[in-house]
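We count residues from 1, following the sequence as given.
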Amino acid sequence: MSFDRIKGNAGSVAAMKRILGSRRIAHAYLFAGPDGVGKKLAAIAFVQSLFCSTGNGCGVCPSCRKIAAGSHPAIHTLEPAGQFIKIDQVRELQKELGYRPYEAPRKVCIIDGADRFNPSSGNALLKTLEEPPGDALLILTTSAVDSVLQTIRSRCQLLWFSSVPVDEITALLVDRGCNPADAAVAAALADGSVARALSLSSDDTISTRAEIMEKACSLDNYSAIFAFGERFDKEREKAVTALDFIISFWRDMLTLSSGSPNTVNSDMTALLAREARKRNSR
């Protein structure tokens, strides 16, 4: 898994390459930044380069292939089991890290959701963060760094990731076969998240957006609002996406009303102008 797959965040990628080049690897890192910008992807690429027989994440050596397939025996992942990462999960991880590594110079654990430790599980992890067994490496990721226990943050080297530029997300979606117009809209709506842009472009939500907005603009009583909401009552993710569409649409109306043509929903200019005029005339 090459660093080339990480979009945006050139500074963070360069920092990881400097660390690898120096061979001065810390025992714990915290990758922090918004959801969907490639933090876990970066963690995997970092470990792949660390374990690679060529030292640069070639993608073809046995180690690189196993990491890409998620089957390398020296790499473990830890995610929340429900709302939190539980103490039993931490104890199981500590037991795994205590075993001697095979096929790699060290054991690695990627912890996805470092803000999801409760006090007991977080405290249980502290000794491992301070003194990892056998030179083990822990990489933690979070999209809510302020919610990470301070005792955990203070024991990790922090690496920041930022939102990915719209043009880079658009190019990625087009490379994956998305219609350029839909790719531009999905990228603009994704708020810098590659994962969200991929989700928006992989289903029919973008193509039904105009229908959703036409209906939302026509809601004029509680009965109509409740009827509109019923179409999403069993699909929470689609309901959240529809609300995001509505918010972006209303924001675009304000943008147009202020005299700026820089709208996110650039393919719905006629509807935006119509609704903006309607509300300005009230």
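- The backbone N or O of Arg155 sits nowhere less than 3.5 Å from a side-chain atom of Glu130 that would complete a donor-acceptor pair.
- Residue Leu93 shares its hydrophobic cluster (ILVMFWY side chains chained together at separations under 4.5 Å) with Leu30, Leu78, Ile85, Val90, Leu97, Ile111, Phe117, Leu125, Leu126, Leu129, Leu138, Leu140, Val145, Val148, Leu149, Ile152, Leu158, Trp160.
- Distance alone, capped at 3.5 Å, is enough to place a donor-acceptor pair between the Glu168 side chain and the Gly8 backbone.
- Contact annotation: the side chain of Ile110 never approaches that of His76 to less than 4.5 Å [non-hydrogen atoms, C-beta and beyond].
- More than 12 non-hydrogen atoms from other residues, nucleotides or ligands lie less than 6.0 angstrom from CZ of Arg274.
- Residues Arg196 and Asp244 are paired through a salt bridge, judged by an N-O separation under 4.0 Å between the basic side chain and the carboxylate.
- Residues Ser193 and Asp191 bring no donor and acceptor atom of their side chains to less than 3.5 Å of each other.
- At least one donor-acceptor pair under 3.5 Å links the side chain of Ser257 to the backbone N or O of Met253.
- Judged by distance alone, the side chain of Lys107 and the main-chain N or O of Pro133 form no donor-acceptor pair under 3.5 Å.
- Within the 3.5 Å criterion, the main-chain N or O of Gln83 finds a donor-acceptor partner in the side chain of Arg116.
- Without hydrogens or angle criteria, Lys66 side chain to Pro73 main chain gives no donor-acceptor distance under 3.5 Å.
- One side chain, Ser143 or Asp35, offers a donor N or O that lies under 3.5 Å from an acceptor on the other.
- Separation of the Phe46 and Phe3 ring centroids does not fall under the 6.0 Å cut-off.
- Between the side chain of Asn9 and the backbone N or O of Ser162, at least one donor-acceptor pair lies under 3.5 Å.
- Side chains of Asn265 and Ser248: a donor-acceptor N/O pair is present below 3.5 angstrom, by distance only.
- Counting only distance, with no hydrogens or angles, the side chain of Ser154 and the backbone of Gln150 share a donor-acceptor pair below 3.5 Å.
- Looking at Asp252, its side chain does come within 3.5 Å of a backbone N or O of Val264 through a donor-acceptor pair.
- Asp167 and Thr170 form no side-chain donor-acceptor contact under 3.5 Å, judged by distance and modelled atom types alone.
- In the hydrophobic clustering of this structure, Ile169 groups with Leu198; members are Ile, Leu, Val, Met, Phe, Trp, Tyr whose side-chain heavy atoms approach within less than 4.5 Å, directly or through other members.
- Judged by distance alone, the side chain of Lys86 and the main-chain N or O of Ala81 form a donor-acceptor pair under 3.5 Å.
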